[in-house]
Amino acid sequence: MGLGQRKITFKKDTNPSTFQQQLQETYPSLLGCGGYELLRTWSGSRVALEPVKMPVTGYTTAFLANDSQLGQAICYVRPIQRDLEASTQIEV
């Protein structure tokens, strides 16, 4: 599911609910999926991605702006599918 490339500018002290709302307004298809996770490139790599672990309170701009999370890195959004349909049954 290609969400496409977009630039989102968040206010400095965005709380988790505002962060999620703004992300869903930019990518409306996130509303119908089972959630999402944020990823970043590994340091020194432009190919390998690693998840940005969401804190218990949710993503905030203060959390993501921290150099150990995103800093100046590009952030990628990966939708998580809610239900997977099994088209065939496998017998073992």
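When reading the values below, keep in mind they use all heavy atoms of this one structure, side chains included, and skip hydrogens, waters and symmetry mates.
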What's the shortest heavy-atom distance between Tyr59 and Leu38, and which atoms?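 Smallest heavy-atom distance, with atoms named: OH-N, 3.5 Å.
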Kindly say whether Thr14 contributes a backbone atom to a donor-acceptor pair with the side chain of Thr61 at under 3.5 angstrom?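 Such a contact is found between Thr61 side chain and Thr14 backbone.
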Please identify each residue that fulfils side-chain hydrogen bond (donor to acceptor under 3.5 Å, both in side chains) with [X], with sequence neighbours left out.
X	answer
Gln20	none
Thr18	Asn15
Glu25	Gln21

For Ile8, what residues pass the side-chain contact (heavy atoms from CB on, under 4.5 Å) criterion, not counting sequence neighbours?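 With sequence neighbours excluded, Ile8 shows a side-chain contact (heavy atoms from CB on, under 4.5 Å) to Phe10, Gln22, Leu23, Thr26, Tyr27, given in chain and number order.
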Could you list the residues that satisfy side-chain contact (heavy atoms from CB on, under 4.5 Å) with Ala62, not counting sequence neighbours?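 Only Thr60 meet the side-chain contact (heavy atoms from CB on, under 4.5 Å) criterion with Ala62.
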Side-chain touch Thr41/Leu49, heavy atoms, less than 4.5 angstrom: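 Counting from C-beta outward, Thr41 and Leu49 do come under 4.5 Å.
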Nearest-0.5 Å distance, OH of residue Tyr76 to CD of residue Glu37: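 The CD atom of Glu37 is 14.5 Å from OH of Tyr76, to the nearest 0.5 Å.
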Can you measure from CD (Gln24) to CG (Leu30) and round to the nearest 0.5 angstrom?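 Atom-to-atom, Gln24:CD and Leu30:CG are 6.5 Å apart.
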